[in-house]
There are 2 protein chains.
Amino acid sequence: MESQELRKVGLKVTHPRMRILDILERASPRHVTAEDIYRQLIEHDEDIGLATVYRVLTQFEAAGLVLKHNFEGGQAVFELDRGHHHDHMVDLDSGKVIEFTSEEIERLQHEIAERHGYVIEEHSLVLYVRRKRGAAS
Amino acid sequence: MESQELRKVGLKVTHPRMRILDILERASPRHVTAEDIYRQLIEHDEDIGLATVYRVLTQFEAAGLVLKHNFEGGQAVFELDRGHHHDHMVDLDSGKVIEFTSEEIERLQHEIAERHGYVIEEHSLVLYVRRKRGAAS
DNA sequence: ATGGGTGCAAAGTGTTTGCAACCGT
DNA sequence: ACGGTTGCAAACACTTTGCACCCAT
């Protein structure tokens with residue numbers, strides 16, 4: 001039950017938070033902007049303001065429920081944190097976001113930070129790509 | 001001579017563009033925001049508007065003279081493109097930007113994109129780091 | 001009941017743009 | 001002289017905030 005997830009992270013169980021969490025869980029594609037969520041709320045005749053969407057997303061991020069990414073293009077995108085760290089590829093033509101992981105890149109990153117006397121707090125790796133000519137979909 | 005660099009990329013040699021290019025060349029740290037540049041212009045009693053700084057930086061980017069990065073924190077940072085591709089580490093405490101390169105990470109990135117049927121158009125790898133406890137400066 | 005949560009509108013930030021004057025060629 | 005370039009102010013897009021009311025506990 002979603003209300004448990006909210007309580008678990010110390011957030012009061014309110015209607016806006018439940019609805020937004022619900023949308024994030026069902027979201028496909030998984031990466032959505034605040035406006036995307038707001039639009040869906042409107043479609044479902046929910047009377048929730050855009051400001052609330054931003055506030056709730058910020059709280060969810062602080063609570064570790066969602067991840068926020070700043071890809072190119074101004075709008076931040078959010079996704080539910082499912083616990084499996086991954087990086088992103090953004091298809092420049094379709095806007096589609098593809099997730100990927102690479103143990104090896106992770107390892108190299110830590111090695112590099114270490115070499116400079118640093119510890120990685122967080123990182124952001126985004127590949128902006130285009131379909132290869134002749135590649136199948 | 002800087003005026004040559006401008007002509008080479010097809011930009012009219014104007015006072016604002018010369019001054020901004022000059023600041024970028026002398027900049028240390030090399031990564032500066034539009035405001036940083038604007039501030040320096042003001043200090044040197046130059047009568048150049050912030051809008052012009054943005055316009056010129058955009059043109060420089062399009063001309064391949066500068067690179068623009070969107071690190072966390074809203075403000076975009078610019079650096080003169082010296083031709084040597086590199087990625088960035090941002091010290092979360094000092095704001096300092098450290099450059100690094102990793103042939104291996106580059107290779108892995110292309111391998112991953114390839115595996116998904118894509119070609120990398122550009123990419124962004126930023127490590128947000130903190131000094132390791134006890135690490136020398 | 002009480003303190004956090006919410007909607008709305010207004011304020012903020014960083015960046016872009018319209019326009020008349022200006023300057024490099 | 002011409003057309004690109006500039007400064008200024010206003011417009012923009014996205015996000016945050018102040019405030020009076022509302023609702024979960």
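The sequence lines fix the lettering, A, B, ..., with proteins before strands; numbering per chain opens at 1.
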Nearest whole Å is fine: how far is [N] [atom2] from [X] [atom1]?
X	N	atom1	atom2	answer
Tyr38(A)	dT6(C)	OH	C1'	13 Å
Gln4(B)	dG24(C)	CD	P	16 Å
Glu35(B)	dT13(C)	CD	C1'	10 Å
Lys12(A)	dT2(C)	NZ	P	13 Å
His69(B)	dT15(C)	NE2	P	14 Å
Tyr54(B)	dT17(C)	OH	P	13 Å
Met18(A)	dT6(C)	CE	P	12 Å

Going by the angle between their ring planes, with limits at 30° and 60°, are His88(B) and His86(B) parallel, tilted or perpendicular? perpendicular

So Phe71(B) and His31(B), would you call those rings parallel, tilted or perpendicular, with 30° and 60° as cut-offs?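 The arrangement is tilted - the two ring planes meet at 30° to 60°.
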
When you compare the side chains of Gln40(B) and Arg19(B), does any donor N or O come within less than 3.5 Å of an acceptor on the partner?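 There is no such pair (donor and acceptor under 3.5 Å, judged by atom type) between the side chains of Gln40(B) and Arg19(B).
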
Report the residue (Val13(B) or Gln75(B)) whose heavy-atom-nearest nucleotide on DNA chain C is the more 5′ of the two. Gln75(B)

Set of ring-ring contact (aromatic ring centres under 6.0 Å, His included) partners for His123(A), sequence neighbours left out: His85(A)

Taking only residues two or more places apart in sequence, or in another chain, which ones meet His44(B) in a ring-ring contact (aromatic ring centres under 6.0 Å, His included)?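 In terms of ring-ring contact (aromatic ring centres under 6.0 Å, His included), with neighbours along the sequence ignored, His44(B) is linked to no residue.
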
Hydrophobic cluster membership, with links at side-chain heavy-atom distances under 4.5 Å among I/L/V/M/F/W/Y: are Val90(B) and Leu127(B) in one?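 No; Leu127(B) is not reachable from Val90(B) via cluster members.
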
Remember a base hit wins even if backbone is also touched, and classify Ala76(A) as base, sugar-phosphate or nothing at under 4.0 Å, heavy atoms.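 Sugar-phosphate, no base atom in range.
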
In the 5' to 3' direction, the nucleotides of DNA chain D bounding the stretch that comes under 4.0 Å of a heavy atom in chain B are dG3(D) to dA9(D)

Lys/Arg-Asp/Glu bridge criterion (N-O < 4.0 Å) met for Arg115(B), Glu111(B): yes

With a cut-off of less than 4.0 Å, is there a side-chain N or O of Arg55(B) near OP1 or OP2 of dT17(C)? no

Under 4.0 Å from OP1 or OP2 of dT6(C): is there any side-chain N or O of Thr14(A) that close? yes

